[in-house]
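Have a look at the structure below before the remarks.
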There are 2 protein chains.
Amino acid sequence: MADVSAEAGVSAQTVSRALSQPDLVTPETRARVEQAVRKTGYVRNLAASHLASNRSHTVAAIVPTIASSVFSDTLRAVGDRLAPEGYQMFVGNTDYREGREEELVGHFIQRRPDGFVMVGTSHTRETRRLLEAYGRPVVETWDWDDAPTDLLVGFSNRRALASMVEHLVARGHRRLAFAGVLRPGDERAIRRFEGFRDAVADLLPDEPLRVVDLPDLPVAMDTGVELLRATLQRYPEITALVFPTDVFATAALLAAPGLGIDVPGRLAITGFGDFDLASHVHPGLTTVAIDVDRMGTTAADLLLARMREQQVGETAVDVGYRIEVRDSA
Amino acid sequence: MADVSAEAGVSAQTVSRALSQPDLVTPETRARVEQAVRKTGYVRNLAASHLASNRSHTVAAIVPTIASSVFSDTLRAVGDRLAPEGYQMFVGNTDYREGREEELVGHFIQRRPDGFVMVGTSHTRETRRLLEAYGRPVVETWDWDDAPTDLLVGFSNRRALASMVEHLVARGHRRLAFAGVLRPGDERAIRRFEGFRDAVADLLPDEPLRVVDLPDLPVAMDTGVELLRATLQRYPEITALVFPTDVFATAALLAAPGLGIDVPGRLAITGFGDFDLASHVHPGLTTVAIDVDRMGTTAADLLLARMREQQVGETAVDVGYRIEVRDSA
DNA sequence: ACCGCTCACGTTAGCGCTAACGTGCCGCTC
DNA sequence: GAGCGGCACGTTAGCGCTAACGTGAGCGGT
């Protein structure tokens with residue numbers, strides 16, 4: 001920067017201003033500085049900027065897995081909104097392992113991000129303590145809680161599944177099962193199960209709770225096939241099978257003909273997420289659609305406002321959900 | 001850090017050593033420092049560490065899109081290998097737009113990452129200049145080039161598609177078409193097309209080159225259906241259709257029955273990537289499988305060695321590919 | 001007893017920026 | 001024409017670490 005300021009005949013402070021707050025220098029000075037930057041090949045060092053200004057212009061994002069379209073779409077939306085404002089994003093994945101989130105927060109804090117983006121509202125006590133002590137804005141996404149850590153842009157997984165059960169009951173289904181992978185690292189799946197459980201208890205009080213949980217299997221299509229098989233073996237009487245993710249539901253849908261199961265005639269199937277694939281399988285998958293782009297963009301908007309110490313109107317935004325009815329249910 | 005050193009009764013330098021190179025202090029001192037860290041709630045500031053040591057312990061990764069399992073699996077593999085070594089990863093996506101890569105490199109350099117992970121070997125002149133001037137290790141992935149920028153862990157997209165054509169020809173196919181989305185931001189797709197073109201010219205010299213390119217459409221399943229339709233309209237005589245990605249191939253496979261097309265009887269279909277879905281559709285999709293985990297892990301290994309200024313044996317690693325033969329072709 | 005070496009830790013300076021405040025000039029008001 | 005405020009830019013100091021070098025204790029060899 002000293003080279004640039006010498007070349008441009010101004011002080012280092014003016015170079016700094018010309019680069020980060022161009023409005024504060026005259027157009028002529030700005031042009032001289034820009035010319036000097038080009039001539040010297042200067043690339044400013046944001047680590048030094050961070051240290052001096054106490055702003056890193058980074059955001060830390062923590063998701064269960066980046067190798068799933070649901071979260072990577074969210075990250076893309078957040079990143080696309082933040083990048084033009086000069087923020088870069090760190091990404092960490094918990095791999096659906098309990099405790100990894102706390103570890104990641106611990107590591108990320110060392111980089112002093114200006115904000116955090118988290119998936120879910122359920123965190124360990126220590127995670128919350130760390131985030132609160134850190135004192136920078138946090139946006140939670142992909143779920144709903146009446147007492148969020150800070151900002152919240154999400155929807156109720158519980159109500160979404162309850163709505164799906166309502167849809168099935170309205171279509172005349174009485175014997176429903178839920179099949180998924182439930183474990184502490186994936187609270188969203190647990191909320192969805194709870195929504196199923198409560199809606200069944202509410203709408204079909206005479207029916208037993210039918211659940212198949214294979215907590216040791218990965219979130220992959222093979223597991224969906226296995227869940228379909230296990231559920232029909234355990235509850236052959238069911239007419240509808242509710243999955244907490246399209247990953248399982250589409251796999252089950254694709255495997256059904258081979259197992260001699262007519263969908264939706266013999267068995268109705270529902271998913272969650274409205275993946276690209278959901279509208280391409282036959283029959284089309286009835287599923288829960290989330291406006292992921294809006295969720296990501298809104299989360300980034302709230303974070304930006306907080307990071308700039310602007311007033312934030314609503315600190316909790318419900319982006320809702322939509323039951324996307326296709327032929328599978 | 002001053003608080004910690006006062007609390008532990010040692011100098012700040014010793015606190016620094018206890019945290020970053022624990023072997024250099026006695027076990028007793030280390031314990032006292034750790035105790036003091038806990039008591040004070042100290043979280044070290046890696047921006048300051050970066051500034052003082054000229055090592056950021058970050059790696060910048062640039063991919064076409066993070067919302068695709070191919071690249072997010074790679075990122076996950078790279079990230080999982082680097083995280084335990086204390087490296088965090090910045091991710092940027094070019095959205096398959098030409099020129100975005102150069103822009104991203106320009107931004108990332110300001111953060112002084114210790115290394116770069118790139119997808120592809122083809123970059124603008126300015127991108128290469130920036131990376132070379134920056135002088136830190138760069139790993140290119142997902143393609144092959146005899147004169148890489150620095151390190152290379154990939155495979156030949158061109159040869160992979162040529163192998164697929166060989167497979168089809170060996171099965172008796174003569175009239176083949178290639179259908180995809182070819183544009184400057186996606187060099188991998190172009191290499192795959194070239195592999196198809198050259199293999200057809202080589203093995204089927206009497207056949208014309210049959211290509212359908214819809215460069216303005218997104219890489220999504222809808223486009224796959226559209227490509228299938230357009231290709232059969234233009235080249236009704238074909239018996240095999242080669243796609244440069246499983247996204248298109250699986251969509252075409254799922255749409256075929258509805259269009260009255262029997263796969264593989266009337267038309268053989270092949271993809272690229274061996275997505276989870278490829279083995280779940282019926283018929284199973286014949287496709288090109290890449291060992292993405294190995295590619296990511298090896299890329300991270302080479303990068304780590306270079307970042308630590310260790311000797312790197314092979315600077316170019318070919319992870320190869322495998323034609324995964326299923327029933328679609 | 002002296003030397004030289006190693007080890008554990010301390011001291012000094014500086015990494016490359018920007019916050020905060022200082023300075024000088026210009027134009028406006030009364 | 002004195003006074004005042006705003007603007008553009010400069011000066012000073014310091015953000016929180018670590019590289020490089022310094023120091024002193026302990027130990028073995030001669």
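Everything numeric here is computed off the predicted structure, so don't read it as measured data. Labels below follow one simple rule: chain letters A, B, ... track the order of the sequence lines, proteins then strands, and each chain is numbered from 1.
- When the P atom of D:dA19 is taken as reference, atom CE of B:Met1 falls 11 Å away, rounded to whole Å.
- Rounding to whole angstrom units, CG of residue A:Leu24 and P of C:dA20 are separated by 14 Å.
- Applying the 4.0 Å criterion to OP1 and OP2 of D:dC9, one finds that A:Thr26 has a side-chain N or O inside that range.
- Rounded to a whole Å, the CZ atom of B:Arg32 is 8 Å from the P atom of C:dC9.
- For B:Ser49 and D:dC17, the shortest distance from a side-chain N or O to OP1 or OP2 is not below 4.0 Å.
- Taking the six-membered ring for Trp and thresholds of 30 and 60 degrees, B:Phe71 and B:Trp142 have ring planes more than 60 degrees apart, a perpendicular arrangement.
- Side-chain to base pairing of B:Glu28 with C:dA8: no donor and acceptor N or O lie closer than 3.5 Å to each other.
- Taking atom CG on A:Leu46 and atom C1' on C:dC15, their separation rounds to 15 Å, with Å as the unit.
- The CG atom of A:Asn54 sits 21 Å away from the P atom of D:dA13 (whole-angstrom rounding).
- Distance from the side chain of B:Arg17 is smallest to C:dC9 among C:dC9, D:dA19, C:dG16.
- Side-chain atoms of A:Ser11 and A:Thr14 form a donor-acceptor pair, as typed in the model, at a separation below 3.5 Å.
- B:Asp186 contributes no side-chain N or O that, together with a main-chain N or O of B:Tyr96, makes up a donor-acceptor pair within less than 3.5 Å.
- For the pair A:Ala12 and A:Asp23, both in contact range of DNA chain D, the more 5′-proximal nearest nucleotide belongs to A:Asp23.
- A side-chain donor from one of B:Thr149 and B:Glu140 sits under 3.5 Å from a side-chain acceptor of the other.
- A sub-4.0 Å separation between OP1 or OP2 of D:dC9 and a side-chain N or O of A:Thr29 is present.
- Between the CG atom of A:Asn45 and the C1' atom of C:dG14 there is a distance of 14 Å, rounded to whole Å.
- No N or O donor and acceptor, one from the side chain of A:Arg112 and one from the base of D:dG16, sit under 3.5 Å apart.
- B:Thr14 comes within 4.0 angstrom of the backbone, heavy atoms only, and of no base.
- Side-chain atoms of A:Thr65 never come within 3.5 Å of backbone atoms of A:Asp95 as a donor-acceptor pair (strictly under, hydrogens ignored).
- Comparing C:dC9, D:dC17, C:dA20 by their nearest atom to the side chain of A:Gln13 picks out C:dA20.
- Mapping B:Ala52 and A:Val15 onto DNA chain C by nearest heavy atom places B:Ala52 at the nucleotide closer to the 5' end.
- One can place CD of B:Gln21 at 13 Å from P of C:dC9, the figure rounded to the nearest angstrom.
- Spacing between atom CG of A:Leu51 and atom P of C:dC15 amounts to 13 Å, rounded to whole angstrom units.
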